[in-house]
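Heads up: the structure comes next, in structure tokens.
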Amino acid sequence: MNMTSYSFPLRCLTAILCGAAYAGAFPPVGWRWLIVPAVFGLIHSLRGLHGSRARAVGFLFGMTAFSLSLSWLWNLFGPTAIVLWIVLAAFPALFAHMQGLARHLAGWKFTAFTALNWAGWEFIRAEIFPLKFPWMTVGLAVGPNALLPWIGVYGVGMLVVFFLAVPWRFRAVYGAVIAGVIVYGAAWLGRPIDKLHVDLPIAAIQLENTTLDKYAEATRALPSEIRYVVWPEYALPYDVRQNEQEWRQLLDLCKERDITLTLGTQSREKYSEVWRNIALTLDASGALGEHNKIHTVHMFADGTPGTEAKAVPTAHGRVGTPICFDCDYEGVIRKMTASGAQFIAAPVMDAMSWGRNQHDQHAELFRIRAAENHRWIFSSATSGVSQAIDPSGRVHARLGAMEQGTVTSVIGKSDYLTPYTRFGWLTPWVALSLAALCWLGLVVKAVREKMEELRIKAAEKQRLKDALRA
């Protein structure tokens with residue numbers, strides 16, 4: 001197949017279809033395999049294109065993918081969602097622009113550059129750009145797999161793109177390799193986990209816009225063996241420690257049920273407008289520790305961001321308590337794990353008004369974090385999804401979106417640090433550094449070619465003037 005013979009309108013149609021396939025790899029469709037034709041089609045529809053045509057193809061791909069999958073942004077922002085989709089679509093357009101500048105590359109040079117080019121822009125979009133958005137990455141579409149504890153979600157995405165950009169003559173060989181990787185990954189995910197130490201009965205209260213009394217009532221109704229309870233983010237949307245009666249009520253509840261409790265609340269400075277969104281962990285003896293949300297939600301009043309991601313010591317081991325959006329990014333849970341967290345208890349707020357698709361898409365990110373760091377993650381969301389995830393990324397208990405109630409499970413603890421937690425998190429940074437060097441070289445080359453073109457045109461123009469004078 002020679003993509004360079006395709007007309008530009010056909011390339012644009014291909015980009016739109018591939019963008020739709022890319023969206024279909026994520027919930028609500030969730031057909032993960034669609035990521036392969038989506039990215040493959042985009043890469044090869046760009047072959048031979050450069051300049052505005054390449055950017056147009058990349059933009060059409062991105063606009064289709066993000067507007068279809070993230071249609072729920074309209075529920076939050078109305079027409080402003082169009083601007084957000086355009087911003088996100090700019091990153092595939094930048095990828096396409098650089099592919100155009102590298103159109104002279106062939107073979108393995110093209111393959112390696114394409115993988116670095118994709119990884120660089122994806123990582124910028126997800127973790128560095130001010131409106132950073134780590135949803136809808138290639139690695140996330142692949143889902144939990146055996147490579148996550150080594151190179152993380154961005155490394156997995158880069159590897160997938162690398163295979164999809166391999167020159168045509170090698171496809172029969174690497175097809176077998178991909179099949180082997182898929183089989184190995186499936187076997188890895190299907191392995192028994194009975195060797196893991198699982199001994200902590202835990203529960204989540206999934207309620208939205210309710211009172212302390214309702215949370216306490218639901219907690220008292222839990223099975224007697226439960227020893228750890230998690231309430232959602234903003235379960236108590238005020239500083240509960242400044243209300244002596246309610247604080248005493250919480251301590252009495254912990255004593256009565258013999259539980260440790262992690263809940264979403266606030267910490268406010270007296271006589272100040274400054275406040276922080278925190279996950280507070282306590283038992284009958286009092287507060288054990290707190291985590292100040294680091295990644296506050298863009299364009300929402302979400303408190304002053306925190307700076308530290310540390311484990312909290314409890315009677316059940318050291319727990320990491322990231323809050324909602326913290327779990328979307330790779331750094332917070334990784335740092336908590338490195339600081340000694342043996343399991344993760346995460347308060348989450350996904351409002352019912354945001355829609356089921358948003359809830360289900362968000363829930364996928366928690367599975368990635370569990371597999372990257374080899375930790376049980378137990379989350380409690382206001383209206384879903386609350387879930388218990390094992391260190392391989394498998395879900396053991398789940399209360400779905402738009403439901404109210406409780407979910408219980410038994411989870412384990414671990415002190416093992418994955419290669420990713422130790423050093424694998426550097427993978428996207430290395431890829432970005434290499435991509436930036438390639439981008440710089442391509443831009444310099446393009447500028448030189450343009451200057452040479454202008455010099456030749458100027459010289460030709462001068463010759464014409466001289467000829468006319470003669």
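Note that the structure is a prediction, hence the values are computed from the model and not measured. The basis for the numbers below is simple: all heavy atoms, side chains too, and nothing from hydrogens, waters or symmetry mates.
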Practice task
Check the surroundings of atom CH2 in Trp247: do more than 12 heavy atoms from other residues, nucleotides or ligands lie under 6.0 Å from it?
Solution key: yes
Practice task
Check step by step if side-chain contact (heavy atoms from CB on, under 4.5 Å) holds for Leu84 and Met299.
Solution key: CA-CA 12 Å; Leu84 297 177; Met299 296 177 283; 4.0 Å; yes
Practice task
Give a yes-or-no answer on whether the side chains of Trp231 and Thr219 include a donor-acceptor pair shorter than 3.5 Å.
Solution key: yes
Practice task
Can you tell me which residue pairs pass the side-chain hydrogen bond (donor to acceptor under 3.5 Å, both in side chains) test with a partner in residues 26-37, sequence neighbours excluded?
Solution key: Arg32-Glu364
Practice task
Return yes if a side-chain donor-acceptor contact under 3.5 Å exists between Thr418 and Thr421, otherwise no.
Solution key: yes
Practice task
Indicate whether any N or O donor in one side chain lies under 3.5 Å from an N or O acceptor in the other, for Gln249 and Asp213.
Solution key: yes
Problem - Donor-acceptor pair between Thr314 and Thr260 side chains, under 3.5 angstrom - result: no
Completion exercise
Only residue of Ile344, Val332, Ile389, Val153 satisfying side-chain contact (heavy atoms from CB on, under 4.5 Å) with Arg369 is Val153
Exercise for the section: Before accepting this row, confirm whether a basic side-chain N of the pair Glu217/Arg220 lies closer than 4.0 Å to the acidic partner's carboxylate O. Expected result: no
Handout entry: Pairs touching residues 286-295 that satisfy side-chain hydrogen bond (donor to acceptor under 3.5 Å, both in side chains), sequence neighbours left out
Key = Glu233-Lys293, Arg241-Glu290, Arg276-Glu290, His291-Asp326, Lys293-Asp302
Problem - Any side-chain donor near an acceptor of the partner, Tyr420 and Asn373, under 3.5 Å - result: no
Problem - N-O pairing of Asp360 and Arg398 below 4.0 Å - result: yes
Distance-only donor-acceptor pairs under 3.5 Å for side chains of residues 431-444, two or more places apart:
from: Ser433; atom 1: OG; to: Trp429; atom 2: O; distance (Å): 2.9
from: Trp439; atom 1: NE1; to: Asn117; atom 2: OD1; distance (Å): 3.0

Practice task
List in chain and number order the residues that pass ring-ring contact (aromatic ring centres under 6.0 Å, His included) with Phe378, two or more places apart in sequence or in another chain; answer none if no residue qualifies.
Solution key: none
Exercise for the section: Under the ring-ring contact (aromatic ring centres under 6.0 Å, His included) rule, collect the residues that match up with Tyr238, sequence neighbours excluded. Expected result: none
Exercise for the section: Look at atom CD of Glu225 and say whether more than 12 heavy atoms of other residues, nucleotides or ligands are closer to it than 6.0 Å. Expected result: yes
Exercise for the section: Using the salt bridge (Lys or Arg N to Asp or Glu O under 4.0 Å) rule, collect all pairs that involve residues 327-339, keeping only residues at least two apart or in two chains. Expected result: Glu330-Arg334
Practice task
Output all residues satisfying salt bridge (Lys or Arg N to Asp or Glu O under 4.0 Å) with Lys310, sequence neighbours left out; order by chain, then residue number.
Solution key: Glu308
Practice task
Please list all pairs passing the salt bridge (Lys or Arg N to Asp or Glu O under 4.0 Å) test where one or both residues lie in residues 108-131, with sequence neighbours left out.
Solution key: none
Practice task
Just jot down the salt bridge (Lys or Arg N to Asp or Glu O under 4.0 Å) partners of Arg375, sequence neighbours excluded, or say none.
Solution key: none
Practice task
Please check if any side-chain donor atom of Ser380 sits under 3.5 Å from a side-chain acceptor atom of Gln206, or the reverse.
Solution key: no
Practice task
Kindly indicate, with the supporting measurements, whether the criterion side-chain contact (heavy atoms from CB on, under 4.5 Å) is fulfilled by Asn357 and Leu70.
Solution key: CA-CA 8 Å; Asn357 291 351; Leu70 305 178; over 6 Å; no
Practice task
Applying side-chain contact (heavy atoms from CB on, under 4.5 Å), run through Phe366 and Gln387 and close with a yes or a no.
Solution key: CA-CA 9 Å; Phe366 292 75; Gln387 54 188 337; 3.9 Å; yes
Practice task
Measure from the ring center of Phe26 to the ring center of Tyr22 and say whether it is less than 6.0 Å.
Solution key: yes
Completion exercise
Sorted by chain and number, sequence neighbours left out, salt bridge (Lys or Arg N to Asp or Glu O under 4.0 Å) with Arg356 holds for none
Exercise for the section: Kindly write out the residues that satisfy ring-ring contact (aromatic ring centres under 6.0 Å, His included) with Phe59, not counting sequence neighbours, or none if the list is empty. Expected result: none
Problem - Test of ring centre spacing under 6.0 Å for Trp72 and His359 - result: no
Practice task
Using salt bridge (Lys or Arg N to Asp or Glu O under 4.0 Å) as the criterion, list what pairs up with Glu246, not counting sequence neighbours.
Solution key: none
Problem - Parallel, tilted or perpendicular: rings of Phe325 and His298 (30°, 60°) - result: perpendicular
